[in-house]
Structures are given as structure tokens and as C-alpha cells.
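Chain A is the first sequence line, chain B the second, and so forth, proteins listed ahead of strands; every chain is numbered from 1.
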Amino acid sequence: AQSVTQLDSHVSVSEGTPVLLRCNYSSSYSPSLFWYVQHPNKGLQLLLKYTSAATLVKGINGFEAEFKKSETSFHLTKPSAHMSDAAEYFCVVSALYNQGGKLIFGQGTELSVKP
Amino acid sequence: DTGVSQDPRHKITKRGQNVTFRCDPISEHNRLYWYRQTLGQGPEFLTYFQNEAQLEKSRLLSDRFSAERPKGSFSTLEIQRTEQGDSAMYLCASSTSSGAASGNTIYFGEGSWLTVV
């Protein structure tokens, strides 16, 4: 079965410093991987996705993620945090087509940004 | 493109009452998903539809829960005899026919918050 593990439940950074949110995945096949962001009392917004093309994926708002098959990782980074980045971030893996192509979510990482 | 819309956004109900949530997916999307999210947790899959056919139900979807998508457009999620443990946000999402398996984007609504008192 497919799964993701987000290694930190909470990350705190200062504004202007780099962000690193860690995610490891488990899958018996080459997965599609996603990062979604959720601001308080809001729905989920797609940040970026990996679909077996380039291993370094660029997303919205300056975020990037690198797919590393040897490490089964898909960490999310941003060079410089902004106050508006404070939110909950979810690493997500897709199920196979014959399993509904649904999304399987990690537990989430709460990002706090200090002024 | 008006996005995925959900109604109501918030619902407070007494234990034992029935509640119904509605989801209107993006118009050209034939796949529709329901998820449940509790505080501090990631969303958990409940069920999904391909057009009007309900193709999978999670074990989380007890017999008090029922979902329909009668004409392959909007969907409803009904919870009968609500319990306090049903308090959560119910998220609806939609996508094209293969879902995320081929890297397609699944688009989420803003969710319907349920509080059972």
C-alpha cells in the first residue's frame, strides 16, 4: 500500500530564512507525489506535483520539491520564508488508477513563520 | 471555472440528528471524492464516484453515512443519527477521470465543518 510520512509535525522559521519540510513515501510503483497547503479554515490548494518527469519540481509561491527515488523522499523547500507561508502543509501520494487514483495524505506539517 | 463548491460551510447539529452536505464539482470533472478531516490530522478518504457510479467506499464510511451523485453532477453526503465523533470537516474534491494516478490535479472545495453537540 502507498503511504507518506511527514517527519516533522511542526516547523518554525524566521521570516527570510529557508524552509525545509520533510516527506518520505512508500510505494510499490513509481508514484505521483504532491504537496498541498491549507490555510486556516480554508480548503486545500495544490503547491506542486511530481509525475515522473523532472525530479526537481517548481511550484507556486517560490516552493520547490525534489523527488529522490534512492531515498524515497520528496522534501519541500523554499529559499526565503514569508509571513504568508504560515499554514499546514501536506505531502500526498496517489493511489493507482485501479484503486481510484485517490490521494493519500500525510499527517501534515504546521509551518510557523516568526517576524 | 468556478471551482468546487460546498454547502453549507458550517453546520452545528444536535446528536442524533441527520445532516446533509452538498458538493458541486468543477463542471467537466467526472470524478468526485469525499474526504474527512479532523483537527490536527490529514484528510482521510471516504468514497469516490465516477460519474454517477460509487466505485469505492472506505471502511470509515459506516452505515450511517450515505453518498449519492444521482446525475453525475453534484453529490450529497448524508450522515444519519449523528454522533459527537462525526465532528470534522468534510471535504469534496473533483478531477478528470483518472484522478491523481496519472498526475492529474484533484481540486478541493473549502469544506463543510460539522459540529455535533
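Smallest separation of non-hydrogen atoms from B/Thr96 and B/Asn30: C-OD1, 3.6 Å. Closest heavy-atom contact between B/Phe74 and B/Arg69: O-CG, 3.2 Å.
With chain A as the partner, the residue from B/Ala93, B/Gly111, B/Pro43, B/Gly42 showing the most heavy-atom pairs under 4.5 Å is B/Pro43. Put simply, of A/Pro31, A/Ala95, A/Gly43, A/Gly108, the one with the most heavy-atom pairs under 4.5 Å next to chain B is A/Gly43.
In this structure, chain B has a heavy atom under 4.5 Å from the side chain of A/Phe34, while its backbone stays farther away. The part of A/Gln38 that comes within reach of chain B is its side chain, from C-beta onward, which places non-hydrogen atoms under 4.5 angstrom from that chain. With a 4.5 angstrom heavy-atom cutoff, A/Tyr36 touches chain B only via side-chain atoms. Looking at A/Lys49, only its side chain comes within 4.5 Å of chain B, counting heavy atoms on both sides. Only the side chain of B/Glu56 comes within contact range of chain A, with heavy atoms under 4.5 Å apart. Proximity to chain A is absent for every atom of B/Gln6, based on heavy atoms less than 4.5 angstrom apart. For A/Leu46, the part lying near chain B is the side chain, with the backbone staying farther off; criterion is any non-hydrogen pair under 4.5 Å. In this structure, chain A has no heavy atom under 4.5 Å from any part of B/Leu55.
Test B/Ile12, B/Leu114, B/Asp86, B/Leu77 against B/Val19 for side-chain contact (heavy atoms from CB on, under 4.5 Å) and you get one pass: B/Leu114. Considering B/Tyr90, B/Tyr48, B/Phe49 in turn, B/Tyr48 is the only one that fulfils the ring pair (Phe, Tyr, Trp, His ring centres under 6.0 Å) rule with B/Tyr33.
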Working for side-chain contact (heavy atoms from CB on, under 4.5 Å), residues A/Phe67 and A/Val57: CA-CA 8 Å; A/Phe67 174 75; A/Val57 183; 5.9 Å; no

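Between the side chains of A/Ser9 and A/Gln107, no donor-acceptor pair of N or O atoms lies under 3.5 Å. B/Ser112 and B/Lys11 form no side-chain donor-acceptor contact under 3.5 Å, judged by distance and modelled atom types alone.
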